[in-house]
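Everything numeric here is computed off the predicted structure, so don't read it as measured data.
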Amino acid sequence: MLQLLSLTLAYDDTRFFGSVMFTDPTHPDDNPAAVLMDHTDEPPWFRLTNVDPDGQDRSVPAMVEAERIMRFLLRYTPERIGRTPADFPQP
């Protein structure tokens, strides 16, 4: 189970970028997991890149949590990147 350590997200007129960091309470001495987020021009409107080169798989816990956070943020603030709520259908 991961805990959110830090979330940084910056917007300009139609784009965004940022990062999210997680800690693992069961391994407190490990380095935090960090995922970079960037805008894309096609669905799902964002790209995730794990800082750990071995953690690019979408099933890695940090990637799963980062995607969940981005979908939540973009569902409720789509106008910040020039989108509408219809661009973010509910699963």
Side-chain angles (χ1 to χ4, degrees):
M1 178 172 176
L2 298 176
Q3 288 181 333
L4 181 64
L5 177 64
S6 170
L7 171 65
T8 304
L9 197 56
Y11 292 91
D12 65 13
D13 291 340
T14 59
R15 300 182 63 79
F16 65 88
F17 62 93
S19 67
V20 62
M21 295 177 71
F22 302 98
T23 60
D24 185 346
T26 59
H27 303 286
D29 294 331
D30 288 355
N31 288 334
V35 177
L36 305 176
M37 303 170 294
D38 191 17
H39 176 87
T40 62
D41 290 326
E42 57 199 38
W45 311 109
F46 62 90
R47 172 181 39 242
L48 300 176
T49 307
N50 197 327
V51 173
D52 176 2
D54 296 328
Q56 300 305 320
D57 183 356
R58 291 289 232 207
S59 67
V60 171
M63 295 288 275
V64 170
E65 284 301 305
E67 182 169 343
R68 187 182 65 77
I69 289 169
M70 284 306 300
R71 288 185 182 279
F72 176 84
L73 290 172
L74 294 177
R75 183 179 310 138
Y76 292 102
T77 60
E79 68 283 351
R80 293 294 305 264
I81 61 165
R83 299 279 140 221
T84 67
D87 292 318
F88 302 97
Q90 298 289 332

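For the residue pair Arg58 and Val64, the shortest heavy atom distance occurs at O-CG2, 3.2 Å. Between Asp38 and Phe16, the shortest heavy-atom contact is OD1-O, 3.4 Å.
In this structure, Arg47 CZ and Glu42 CD are separated by 9.0 Å, a value rounded to the nearest 0.5 Å. For the atom pair CZ of Arg75 and CG of Asp87, the computed distance is 13.0 Å after rounding to the nearest 0.5 Å. To the nearest 0.5 angstrom, Phe88 atom CZ is 8.0 Å from Thr77 atom OG1.
Cluster partners of Phe17, using a side-chain heavy-atom cutoff of under 4.5 Å among ILVMFWY residues and allowing indirect links: none.
Judged purely by atom type and a 3.5 angstrom limit, Gln56 has no side-chain atom pairing as donor or acceptor with the backbone of Thr49.
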Between side-chain atoms of residues 78-85 and protein atoms elsewhere (two or more places apart, or another chain), which donor-acceptor pairs fall under 3.5 Å?
{"residue": "Thr84", "atom": "OG1", "partner": "Ala86", "partner atom": "N", "Å": "3.4"}

Could you list the donor-acceptor pairs under 3.5 angstrom formed by side chains in residues 18-28, with sequence neighbours left out?
{"residue": "Asp24", "atom": "OD1", "partner": "Thr26", "partner atom": "N", "Å": "3.1"}
{"residue": "Asp24", "atom": "OD1", "partner": "Thr26", "partner atom": "OG1", "Å": "2.6"}
{"residue": "Asp24", "atom": "OD2", "partner": "Thr26", "partner atom": "OG1", "Å": "3.4"}

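Val51 meets the side-chain contact (heavy atoms from CB on, under 4.5 Å) test with Ala34, Leu36; sequence neighbours excluded. Partners of Pro44 under the side-chain contact (heavy atoms from CB on, under 4.5 Å) rule, at least two apart in sequence or in another chain, are Phe46, Arg71. Under the rule for a side-chain contact (heavy atoms from CB on, under 4.5 Å), the partners of Asp57 that lie at least two apart in sequence or sit in another chain are Ser59, Val60.
A heavy-atom distance below 4.5 Å is not found between the side chains of Asp12 and His39.
Side-chain heavy atoms closer than 4.5 Å link hydrophobic residues (I, L, V, M, F, W, Y) into clusters, and following such links, even through other members, never connects Leu5 to Ile69. Linking ILVMFWY side-chain heavy atoms closer than 4.5 Å, directly or via other members, places Met37 and Leu4 in a single hydrophobic cluster.
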